[in-house]
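To start, the structure under review is shown below, and the notes come after it.
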2 protein chains.
Amino acid sequence: MNILPTIGLVDDEPGMLKALQRLLNAEGFRVRAFGSASEFLQRFASETVDCLVLDVSMPGLTGLELQEQLNRAGARLPIVFLTGQGDIPMSVRAIKAGAVNFLTKPVTDADLLAALRAALAEARRFQDENRELAELRKQLDSLTPRELEVLRHVIAGKLNKQIASALGTGEQNIKVHRMRITAKMGLPSVAELVRAAERLGIKPVE
Amino acid sequence: MNILPTIGLVDDEPGMLKALQRLLNAEGFRVRAFGSASEFLQRFASETVDCLVLDVSMPGLTGLELQEQLNRAGARLPIVFLTGQGDIPMSVRAIKAGAVNFLTKPVTDADLLAALRAALAEARRFQDENRELAELRKQLDSLTPRELEVLRHVIAGKLNKQIASALGTGEQNIKVHRMRITAKMGLPSVAELVRAAERLGIKPVE
DNA sequence: CGGGGTATTGAACCTTGGTTCAATGCCCTG
DNA sequence: CAGGGCATTGAACCAAGGTTCAATACCCCG
């Protein structure tokens with residue numbers, strides 16, 4: 001998010017893009033406009049945005065399909081839908097898929113800005129969480145496969161003796177591996193390893 | 001949920017209640033009908049339901065307000081909205097508040113039944129989780145205040161030595177307390193204590 | 001082929017946790 | 001007051017984890 005929140009606009013009507021861009025610029029946001037879902041997908045790697053304002057009905061990929069694709073990719077980008085031909089089933093689907101809001105044109109400036117504030121707040125939460133997770137993930141990736149396997153036993157509460165026999169090796173090895181695990185992860189206690197593994201999606205063995 | 005899934009209907013139109021009741025009975029559900037939100041609130045303690053079909057616009061408390069009240073009370077009852085005068089903002093609000101679906105009258109039997117199947121599946125998930133949690137909670141409540149305090153240190157990864165000095169007592173006490181904690185909770189390893197405490201909302205000390 | 005990262009193994013030592021005896025003091029309730 | 005539940009304490013012992021030495025073996029990459 002740097003200092004200036006950046007909002008991505010995806011809409012196939014150039015007039016709508018222009019108008020929104022003017023409004024949001026006046027409100028102090030940085031804006032990046034995309035004429036279609038595929039254009040966004042091509043450019044969003046280089047032109048990052050903090051949240052999206054998305055039209056539903058567009059030629060090519062629809063807004064809902066774009067949302068789905070972003071979700072599958074794990075992008076977790078807050079989305080505000082803004083559409084002229086919305087109906088209730090669409091809005092239900094969008095919100096269930098995690099959209100921040102689902103607004104219909106014409107929209108008041110106040111409604112749009114309120115939704116964007118909510119979206120940006122959510123973006124900040126995501127980014128904070130991602131920063132923490134990225135650090136943990138980096139440390140996790142520095143573990144060797146064997147160490148990861150031992151970790152999965154440790155967070156299951158297994159004794160070194162049990163881990164050794166499960167892995168077909170000796171207890172001393174497990175001790176060595178555990179020492180390296182706690183060193184690499186910077187987490188000296190089993191309790192913290194359990195919590196970190198949970199956040200990283202590491203499943204305990206068994 | 002017993003054997004027969006029970007569905008609560010809340011609608012102010014008696015004709016609608018009748019029609020729905022007939023449909024759902026034919027599908028093998030048990031049905032309990034309520035003519036208003038307040039009638040449901042009065043009777044739902046004794047006449048439990050597994051999920052709710054809820055009209056939005058009713059005299060007195062609206063469906064959305066009833067949903068909000070149930071949420072505040074922590075009821076976690078899956079809700080399918082079914083309404084004649086729905087609009088997009090309503091549906092957004094309902095889904096954000098956790099509704100399973102938001103359907104508009106007239107509704108096809110297939111749509112309603114699909115929504116109810118989803119709602120009942122969610123109800124089962126809630127009930128399973130609640131059963132597990134209730135067992136843990138019971139064991140947790142059997143801990144003395146002192147043992148709970150020790151537990152909060154243990155799941156923070158503290159050593160007995162540190163816990164003792166933090167609580168102004170000796171290391172032997174902590175060992176005794178830990179022994180009783182693991183016995184009462186039935187969880188021999190620190191790893192499992194951490195996970196159980198997390199689910200119960202017990203915060204580690206510090 | 002040589003070297004680096006990884007996995008393994010043994011030994012010895014210390015720290016910590018877990019368990020079991022037994023006993024004391026406090027506080028609240030019947 | 002008597003009894004029960006709770007917190008505490010000491011001693012002693014065993015089991016388990018943590019640490020540090022050192023050495024061997026495997027495998028892949030340059």
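Convention: sequence-line order gives letters A, B, ...; per-chain numbering from 1. Model, not experiment: these values are computed from the prediction.
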_Under 4.0 Å between a side-chain nitrogen and a carboxylate oxygen: does that hold for Lys138(A) and Asp141(A)?_
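Asp141(A) and Lys138(A): not salt-bridged.
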*Is any NZ, NE, NH1 or NH2 atom of the basic residue among Arg125(B) and Glu129(B) found under 4.0 Å from an Asp or Glu carboxylate oxygen of the other?*
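So Arg125(B) does not pair with Glu129(B) through a salt bridge.
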How many whole angstroms separate atom [atom1] of [X] from atom [atom2] of [N]?
X: Leu148(A); N: dT6(C); atom1: CG; atom2: C1'; result: 15 Å
X: Arg146(A); N: dT9(C); atom1: CZ; atom2: C1'; result: 13 Å
X: Ile181(B); N: dC6(D); atom1: CD1; atom2: C1'; result: 14 Å
X: Asn173(B); N: dG10(D); atom1: CG; atom2: C1'; result: 10 Å
X: Leu167(B); N: dC6(D); atom1: CG; atom2: C1'; result: 15 Å
X: Ile174(A); N: dT6(C); atom1: CD1; atom2: C1'; result: 14 Å

_Asn160(A) and its side chain to side chain donor-acceptor pair (under 3.5 Å) partner, picked from Arg178(A), His153(A), Gln172(A)_ =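 Checked Arg178(A), His153(A), Gln172(A) against Asn160(A); only one passes side chain to side chain donor-acceptor pair (under 3.5 Å): Arg178(A).
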*Side chain of Thr169(A): nearest nucleotide among dT9(C), dT9(D), dT6(C)?*
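Between dT9(C), dT9(D), dT6(C), the one nearest the side chain of Thr169(A) would be dT9(C).
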*Short question: side chain of Glu135(B), backbone of Glu132(B) - any donor-acceptor pair under 3.5 Å?*
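No, Glu135(B) side chain to Glu132(B) backbone: no donor-acceptor pair under 3.5 Å.
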*Hey, is the main chain of Val100(B) close enough, under 3.5 Å, to the side chain of Lys96(A) for a donor-acceptor pair?*
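Checking the backbone N and O of Val100(B) against the side chain of Lys96(A), a donor-acceptor pair under 3.5 Å is found.
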*Could you encode protein contacts along nucleotides 23-30 of chain D as a string, one character per nucleotide from 5' to 3', using B for base contact, S for sugar-phosphate-only contact and - for no contact, with a heavy-atom cut-off of under 4.0 Å?*
--------
*Return yes if a side-chain donor-acceptor contact under 3.5 Å exists between Gln139(B) and Ser142(B), otherwise no.*
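No.
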_4.5 Å side-chain heavy-atom contact, Cys51(B) and Leu120(B)_ =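 Yes, close enough: below the 4.5 Å cut-off.
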_Leu66(A) to Ala37(A) - nearest heavy-atom pair and separation_ =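 Looking at all heavy atoms of both residues, the closest pair is CD2-CB, 4.0 Å.
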*Any side-chain N or O of His177(A) under 4.0 Å from OP1/OP2 of dT8(C)?*
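Answer is yes, contact under 4.0 Å.
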*Of Leu52(B), Val53(B), Asp55(B), Leu41(B), which is the lone residue that meets side chain to side chain contact (heavy atoms under 4.5 Å, CB included) with Val10(B)?*
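So, applying the side chain to side chain contact (heavy atoms under 4.5 Å, CB included) to Val10(B) and each of Leu52(B), Val53(B), Asp55(B), Leu41(B), only Leu52(B) qualifies.
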Atom pairs under 3.5 Å: protein N/O with N/O of nucleotides 16-20 of chain C:
| unit_1 | atom_1 | unit_2 | atom_2 | d |
| --- | --- | --- | --- | --- |
| dT16(C) | OP1 | Lys161(B) | NZ | 3.3 |
| dT16(C) | OP2 | Lys161(B) | NZ | 2.8 |
| dG17(C) | OP1 | Asn160(B) | N | 3.2 |
| dG17(C) | OP2 | Asn160(B) | N | 3.3 |
| dG17(C) | OP2 | Asn160(B) | ND2 | 3.3 |
| dG17(C) | N7 | Lys175(B) | NZ | 3.3 |
| dG18(C) | OP2 | Arg178(B) | NE | 3.3 |
| dG18(C) | O6 | Lys175(B) | NZ | 3.2 |

